[in-house]
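A short write-up of the structure that comes next.
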Amino acid sequence: MTQGVGSQQAGPSGMPPLGVTMPVDDGLGVPEYVRLARAAEAAGYDSVWCGEVAGPEVFSLLGVLAASTSQVRLGTGIANVYARSAALAAMGFATLSSAAPGRVLAGLGASSPMVVRDWHGREHDRPLATVEGYVTALRSAWAGERVRVEHPRTHGFRSSLLPPQVPPVVLAAMNPRMLRLAGRVADGVFLTWCPPDEVPGLLAHVRAGEAEAGRPPGSVWAMASYWAYAGDRYDEAMTRMRRLVLQYAMVPTHRGSFAGAWDDLDRATERWRGGDRAGALALVPDAAVHRLCAVGDGAHVAGRAADLRAAGIALPVLLTPGAEPGDLDGPLDTVARTADAAAGRTDEPRPA
């Protein structure tokens with residue numbers, strides 16, 4: 001597949017374009033991520049994405065995955081623009097691209113004030129200007145130019161290692177202004193926590209950004225990640241997903257994406273912050289979990305991907321937590337069973 005996602009046609013594996021995000025919150029080690037990435041490649045996935053929260057550092061992990069795979073594309077999903085200078089990120093992506101030419105995607109986002117301020121000690125200021133300047137700096141560096149960007153300040157940097165193929169820039173976006181920015185400056189937009197019926201409204205902002213920049217409609221392709229589980233521990237997975245839904249819904253910068261999922265979000269947040277964790281989780285109904293996650297068999301998970309494609313998403317991406325932290329069987333089963341269902345294959349042994 002080309003560096004962008006220009007088609008929704010099935011690839012050589014018989015499966016429409018589908019990505020998988022490593023479960024970086026699950027306490028797994030690098031050998032487990034290698035096993036999962038290899039399983040995704042063997043099953044015919046288009047791309048493997050690695051987020052960065054409090055587990056593995058994304059560039060070193062992707063470097064290992066680049067050396068451990070040969071065809072699957074590799075993306076940061078998402079690297080936040082405050083934790084690294086634009087110069088350092090340009091060097092990181094150029095290094096990965098040198099190791100895996102044509103396989104690297106640069107997923108970027110503004111993260112949240114908690115992560116940026118409390119964890120990394122940086123100011124979470126001017127997110128739109130920061131993201132836009134960061135993209136400008138990366139592209140200048142990858143073109144071999146001497147970079148001069150005022151915000152975030154990058155003066156005089158010139159990279160001595162250029163990527164053999166310039167990585168597509170994919171912006172994580174949830175609110176209208178960031179979605180429009182993606183339409184103006186990105187190659188792709190990364191949506192998350194959005195059920196299929198919410199996709200057209202989000203993409204309308206991206207198309208508005210394209211128009212503002214004088215770009216043809218559809219210049220920016222869209223991907224969307226969703227929590228997925230097709231393993232054998234359904235009840236435990238539902239319990240885990242319920243907790244994940246509430247955990248992310250309580251983040252102020254993400255809250256708007258969850259507001260329509262259920263009515264008691266405010267009460268659940270109040271109980272959680274008051275120490276009543278069980279009471280808070282009891283206010284997250286099964287319907288909210290099913291609206292935001294796909295928990296079932298491979299056909300059910302693949303069906304969510306098909307619904308997202310029908311809504312305008314070029315690349316659905318499975319985020320594959322286990323039934324509990326440390327569970328690798330669940331993610332492996334989810335990857336294999338979803339691929340089989342999406343490609344119309346009968347069940348096959350899971351890759352080792």
Please evaluate residues Trp193 and Val245 with respect to the criterion side chain to side chain contact (heavy atoms under 4.5 Å, CB included), reporting the C-alpha separation (whole Å), side-chain torsions for both, the decisive distance (0.1 Å), and the verdict.
CA-CA 9 Å; Trp193 305 308; Val245 165; over 6 Å; no
With Asp307 via side chain to side chain donor-acceptor pair (under 3.5 Å) - residues at least two apart
none
Tell me which one of Thr192, Thr21, Thr320 satisfies side-chain hydrogen bond (donor to acceptor under 3.5 Å, both in side chains) with Ser225.
Thr192
Looking at OG1 of Thr338 and CZ of Arg304, how far apart are the two atoms once the value is rounded to the nearest 0.5 Å?
12.0 Å
With a 3.5 Å distance limit and no angle check, can you tell me whether Glu57 reaches the backbone of Phe59 through a side-chain donor-acceptor pair?
yes
State, to 0.1 Å, how close Arg38 and Ser68 come at their nearest heavy-atom pair, and which atoms those are.
NE-O, 3.0 Å
For the side chain of Glu41 and the backbone of Gln71, is there at least one donor-acceptor N/O pair under 3.5 Å apart?
yes
For the backbone of Gly322 and the side chain of Asp26, can you confirm whether one donor and one acceptor N or O come within less than 3.5 Å of each other?
yes
Enter the distance from Thr69:OG1 to Tyr45:OH here, rounded to the nearest 0.5 Å.
15.5 Å
Indicate the ring-plane relationship of Trp142 and Phe93, choosing parallel, tilted or perpendicular according to the 30° and 60° boundaries.
perpendicular
Please check: side-chain N/O of Ser47 versus main-chain N/O of Gly19, any donor-acceptor pairing under 3.5 Å?
no
Quick check for you: to the nearest 0.5 Å, what is the distance between Leu318 atom CG and Met22 atom CE?
10.0 Å
Sub-4.5 Å side-chain heavy-atom contact between Leu36 and Pro23:
yes
Should Leu179 and Leu191 be marked as a side chain to side chain contact (heavy atoms under 4.5 Å, CB included) after you check the CA-CA gap, both sets of side-chain angles, and the distance that decides it?
CA-CA 9 Å; Leu179 289 163; Leu191 310 179; 3.6 Å; yes
Using a 3.5 Å distance criterion without hydrogens, assess whether the side chain of Tyr82 forms a donor-acceptor pair with backbone atoms of Asp125.
yes
Is the closest basic N to carboxylate O distance between Arg233 and Asp333 below 4.0 Å?
no
Let me confirm one number: the CD-CG distance from Glu32 to Asp327, rounded to the nearest 0.5 Å.
11.5 Å
Taking only Lys NZ, Arg NE, NH1 and NH2, and the carboxylate oxygens of Asp or Glu, determine whether Asp297 and Arg337 approach each other closer than 4.0 Å.
no
Sub-3.5 Å donor-acceptor pair from the side chain of Asp187 to the main-chain atoms of Val170, do we have one?
no
Between Leu162 and Ala94 the two heavy atoms that sit nearest each other are C-CB, 4.5 Å
Test item: Ser159 side-chain N/O and Phe157 main-chain N/O as donor-acceptor pair under 3.5 Å
no
Do the non-hydrogen side-chain atoms of Leu292 and Met241 ever get within less than 4.5 Å of each other?
no
Does the side chain of Val185 reach to within under 4.5 Å of the side chain of Val131, using non-hydrogen atoms?
no
More than 12 heavy atoms of other residues, nucleotides or ligands under 6.0 Å from CZ of Arg177: is that the case?
no
Residues Arg240, Asp25: salt bridge by 4.0 Å N-O rule:
no
Looking at Glu210 and Arg207, is any side-chain nitrogen of the basic one under 4.0 Å from a carboxylate oxygen of the acidic one?
yes
For His120 and Arg84, indicate whether the former's side chain and the latter's backbone hold a donor-acceptor pair under 3.5 Å.
no
Given side chains that start at C-beta, do those of Thr239 and Asp235 come closer than 4.5 Å, heavy atoms only?
no
Quick one: do Arg271 and Asp264 make a salt bridge, cutoff under 4.0 Å?
no
When rounded to the nearest 0.5 angstrom, what distance separates CD1 in Ile313 from CG in Leu202?
8.0 Å
Would you kindly confirm whether Val149 and Met91 end up in one hydrophobic cluster when ILVMFWY residues are joined by side chain heavy atoms under 4.5 Å apart?
yes
Using side-chain heavy atoms (C-beta onward) and a distance below 4.5 Å, is Trp49 in contact with Leu319?
no
Backbone N or O of Pro216 within a donor-acceptor pair of the Ser219 side chain at under 3.5 Å?
yes
Determine whether more than 12 heavy atoms belonging to other residues, nucleotides or ligands lie under 6.0 Å from atom CD of Glu145.
yes
Measure the CG-CG distance between Asp46 and Leu18 for me, rounded to the nearest 0.5 Å.
8.5 Å
Those residues at least two apart in sequence (or on a different chain) that pass side chain to side chain donor-acceptor pair (under 3.5 Å) with Glu132 are none
Near-ring test Tyr229/Tyr234, centroid separation under 6.0 angstrom:
no
Heavy atoms, side chains only, cut-off 4.5 Å: are Val289 and Met238 in contact?
yes
